[in-house]
Q: 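Please find one structure pasted underneath; my questions will follow.
Just so you know, these numbers use all the heavy atoms, side chains as well, and skip hydrogens, waters and symmetry mates.
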Amino acid sequence: MKTLRLVIGSALGKVLGLAREVTLAFFLGASGAADAFRVSLTAALIPTHFFMGDVLDGAFVPLYSRYLTSNPASARRLFRVTATYLGLVSLIVAVLTWVAGRQMVRLFAPGISNETAELASRMVRWMGLGIPVYCFAALCSLYGICHGRFGPIALRSAFQNGVLVLVIPVAAWLHNPEWLGIGFPIAFVLYLGYTVWTLSDVEGPTVAAGASSAEGGNELRVLFRTATPLIFTLILGQLLGVIDRAAASFVGVGAVASLDYARAFVETPQALVGYAVGTVALAGFTSLDRHAVPARAAELIFPLVTGSLGGMLVLMATATDVVTIAYHRGRFDATAVELVSQAVRGLAVGAAFMMAVYVMMRIISAQLRNRENILPMAAAVLVEVGACVLLVPKLGLFGVGLSVSLMQMVLCALLAWRLRLAGRFVERFPGWLLGIGVVRLLVWALPAEPHSPVLHVTLTAIAVLAAWTLANAATASTRQDLLGLLQRLRQVMAHLRPQPAS
């Protein structure tokens, strides 16, 4: 049920995220203003994640959960000192975004025009005002996870996307895209209020339990000792988040926005399922014996990967039609459709492995083995940089997406080796390769010029998924994945089915 709640919350956030993308595409298209919004959001969030990202979910959650069981007073003190740390540092970052916004924009997107950079710098100043609220809201939502409350973290993206859906038309009506930056602080003020209200009844029992125990006094030192390896993964993770956008900024006007429009389709499996599974795994794997990890991890990962690979093949085969159906209206013209379609195809190549990467990294963090993430991520950075240098000048935005996919595949392979899952991945290659071959032949045989994009997408999806399923059913390992995926879907449907009245 915990995973199901997260999936439902993430699904709502994703629906609102798609509504945000459609609204943004209608009013701004793939323009310099759309680029400015994407770059300003990156410039606000990347520095913030440098000091709060994995320190919170990779260090705070396991430590707080353990303290809550062994010494509730230390758990309460850990929350207080973490909140103080986040408050002080986030205020410094907020000031920096206001004072040095233009320099930050140029750092993250060196290829954009001067006009776009100026607009982005004004947007990022407004977004900076919401950084302290964003940080404290994130801490409170993770505090809720430790107490079995998954509602706040499940709805975080829903608040952010929902407010932006309302703000985008206002900015267009005022003929001032700068107002898009104001949506960020508004969204997280509302989200923090909801989170505090939802968790208001948790504090009482925690205080009562803490009164019966004494504080250990070294909670902050333990937190930073646990988080020290995460400093490197934070830096590397943020680099991975910057490289593709920086490369896209050299492709041309609208390329940065097109890359993010494409992510709305490609990252759906991670947003809906991978994030939910990984978040729950963070608590579930904390006390699991290391020798039992590979089998438990395989049960989580492989049904998801095998299933989402089929979905990504559908997306690659129907990219132009899907983008046309979702975005082709208002200021989103045929040129923008082609740009986004290129990005979709490139990103879709490795999207299924992106979800596996997320879950595996969460498992490693849950076991406090954070150092084991460093070398794989360093290798991934080198792969993505090298791939961008080689592919982007020749392939444009498709090259950017393909570079991200190659990086995800390499990172997935290295993390699988860490978790002793590499052999299980290799076992599935025959089924996956057979499925890809059969689907490729099927797509080649389908009509190239559909009369109706909706009909073409529907028929292609049915045909591709059927071919993928039949091909993977021919090998034992992927057949087991499909059965496991079917079992999970049945469990979800059982939870969603109304219960008879007693």
Side-chain angles (χ1 to χ4, degrees), residues 12-13 15-49 52 86-87 89-109 112 115-138 140-141 152 155-196 245 256-257 260-261 263-264 330-331:
L12 176 60
V15 169
L16 290 172
L18 183 58
R20 180 199 68 190
E21 297 301 306
V22 171
T23 307
L24 196 66
F26 180 86
F27 286 107
L28 297 183
S31 62
D35 281 348
F37 171 68
R38 307 295 187 176
V39 172
S40 62
L41 194 60
T42 300
L45 291 180
I46 294 295
T48 305
H49 290 163
M52 65 159 281
L86 288 177
V89 182
S90 64
L91 285 174
I92 294 173
V93 175
V95 171
L96 286 176
T97 58
W98 191 269
V99 174
R102 185 177 180 83
Q103 290 77 9
M104 294 172 67
V105 165
R106 278 297 182 192
L107 176 65
F108 295 116
I112 59 175
E115 181 182 358
T116 301
E118 180 60 33
L119 177 58
S121 66
R122 296 197 299 271
M123 287 183 180
V124 79
R125 291 190 183 104
W126 290 114
M127 291 181 183
L129 297 178
I131 289 175
V133 182
Y134 172 83
C135 293
F136 191 66
C140 289
S141 66
L155 294 175
R156 181 164 60 185
S157 63
F159 272 88
Q160 180 178 353
N161 292 327
V163 170
L164 283 173
V165 167
L166 299 176
V167 169
I168 291 168
V170 173
W173 177 63
L174 295 173
H175 302 287
N176 187 358
E178 182 180 342
W179 283 84
L180 291 177
I182 299 177
F184 182 82
I186 293 175
F188 283 98
V189 166
L190 294 175
Y191 174 64
L192 176 60
Y194 164 76
T195 303
V196 172
R245 289 178 175 84
V256 176
D260 280 331
Y261 284 134
R263 291 183 192 277
R331 294 191 61 187

Q: How would you list, by chain and number, every residue that makes a side-chain hydrogen bond (donor to acceptor under 3.5 Å, both in side chains) with T42, sequence neighbours excluded?
A: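 Here the qualifying residues are R245.
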Q: Check whether any side-chain heavy atom of L166 sits under 4.5 Å from a side-chain heavy atom of V170, and report yes or no.
A: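 Sidechains of V170 and L166: no contact.
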Q: Go through the structure and list residues passing side-chain hydrogen bond (donor to acceptor under 3.5 Å, both in side chains) with T116, not counting sequence neighbours.
A: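 Applying side-chain hydrogen bond (donor to acceptor under 3.5 Å, both in side chains) to T116 gives S113.
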Q: Does the pair L45 and L41 meet the rule for a side chain to side chain contact (heavy atoms under 4.5 Å, CB included), with working shown?
A: CA-CA 6 Å; L45 291 180; L41 194 60; 4.1 Å; yes
Q: Would you call L28 and I168 a side-chain contact if the rule is heavy atoms closer than 4.5 Å?
A: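 Side-chain contact under 4.5 Å: no.
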Q: With sequence neighbours excluded, tell me which residues meet ring-ring contact (aromatic ring centres under 6.0 Å, His included) with F37.
A: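 Applying ring-ring contact (aromatic ring centres under 6.0 Å, His included) to F37 gives none.
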Q: Any heavy-atom pair between the side chains of F108 and S40 that's under 4.5 Å?
A: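 Answer no - side chains too far apart.
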Q: State, to 0.1 Å, how close L129 and P132 come at their nearest heavy-atom pair, and which atoms those are.
A: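 Reported closest heavy-atom pair: O-CD, 3.7 Å.
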Q: Given the rule in the side chain to side chain contact (heavy atoms under 4.5 Å, CB included) test, do I46 and M104 qualify, once you have shown the distances and angles that lead to the verdict?
A: CA-CA 10 Å; I46 294 295; M104 294 172 67; over 6 Å; no
Q: Do R38 and Y261 meet the cation-pi criteria used here (NZ or CZ under 6.0 Å from the six-membered ring centre, within 45° of the axis)?
A: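 Yes, R38 lies over the aromatic ring of Y261.
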Q: Applying ring-ring contact (aromatic ring centres under 6.0 Å, His included), can you list everything that pairs with Y194, at least two apart in sequence or on another chain?
A: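 Expected list: F159.
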Q: If you measure from CD on Q103 to OG on S121, what distance do you get to the nearest 0.5 Å?
A: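 Q103 CD to S121 OG: 8.5 Å, rounded to 0.5 Å.
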Q: Would you say the rings of F184 and Y134 are close, in the sense that their centroids are separated by under 6.0 Å?
A: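 Aromatic pair counts; centres sit under 6.0 Å.
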Q: Before you tell me yes or no, could you show the steps for L86 and F136 under side chain to side chain contact (heavy atoms under 4.5 Å, CB included), namely the whole-Å CA-CA distance, both residues' side-chain angles and the distance that decides it to 0.1 Å?
A: CA-CA 7 Å; L86 288 177; F136 191 66; 6.0 Å; no
Q: OG1 of T23 to CG of L18: how many Å apart, nearest 0.5 Å?
A: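 Rounded to the nearest 0.5 Å, the OG1-CG separation comes out at 9.0 Å.
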Q: Once rounded to the nearest 0.5 Å, what's the spacing between atom OG of S141 and atom CG of L155?
A: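 It comes to 10.5 Å.
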Q: Is any side-chain heavy atom of Y191 closer than 4.5 Å to a side-chain heavy atom of R156?
A: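 Counting from C-beta outward, Y191 and R156 do come under 4.5 Å.
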Q: If I take atom CG from residue D260 and atom CG from residue D35, how far apart are they, to the nearest 0.5 angstrom?
A: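 One gets 9.0 Å once the value is rounded to the nearest 0.5 Å.
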Q: What closest approach, in Å, do A33 and L119 show between heavy atoms, and which atom pair accounts for it?
A: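 That would be CA-CD2, 3.9 Å.
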Q: Just wondering, do P169 and F27 contact through their side chains at under 4.5 Å, heavy atoms?
A: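 Side chain of F27 against side chain of P169, heavy atoms only: contact under 4.5 Å found.
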Q: Mind checking the CG-SG spacing from L91 to C135? Nearest 0.5 Å is all I need.
A: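 Reported to 0.5 Å precision, the distance equals 9.5 Å.
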Q: For a 4.5 angstrom cut-off between non-hydrogen side-chain atoms, does V167 reach I182?
A: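 Of all side-chain heavy-atom pairs linking I182 with V167, none is under 4.5 Å.
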Q: What are the two closest heavy atoms between P177 and M123, and how far apart are they?
A: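 Looks like O-CE, 3.0 Å.
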Q: Could you tell me which non-hydrogen atom of G128 sits nearest to which non-hydrogen atom of T97, and how far apart they are?
A: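 Closest approach of G128 to T97, heavy atoms only: CA-OG1, 3.3 Å.
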Q: Identify the two heavy atoms, one from A44 and one from V124, that lie closest to each other, and give their separation to 0.1 Å.
A: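 So the minimum-distance heavy-atom pair works out to N-CG2, 3.8 Å.
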Q: Go through the structure and list residues passing side-chain contact (heavy atoms from CB on, under 4.5 Å) with S157, not counting sequence neighbours.
A: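 For S157, the residues satisfying side-chain contact (heavy atoms from CB on, under 4.5 Å) (neighbours in sequence not counted) are N161.
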Q: Taking all heavy atoms of V93 and all of P47, pick out the closest pair and write down the distance.
A: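 Residues V93 and P47, closest heavy atoms: CG1-CB, 4.2 Å.
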Q: Give every residue pair that meets the salt bridge (Lys or Arg N to Asp or Glu O under 4.0 Å) criterion with at least one member in residues 122-131, sequence neighbours excluded.
A: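 Qualifying pairs, neighbours excluded: E118-R122, R122-E178.
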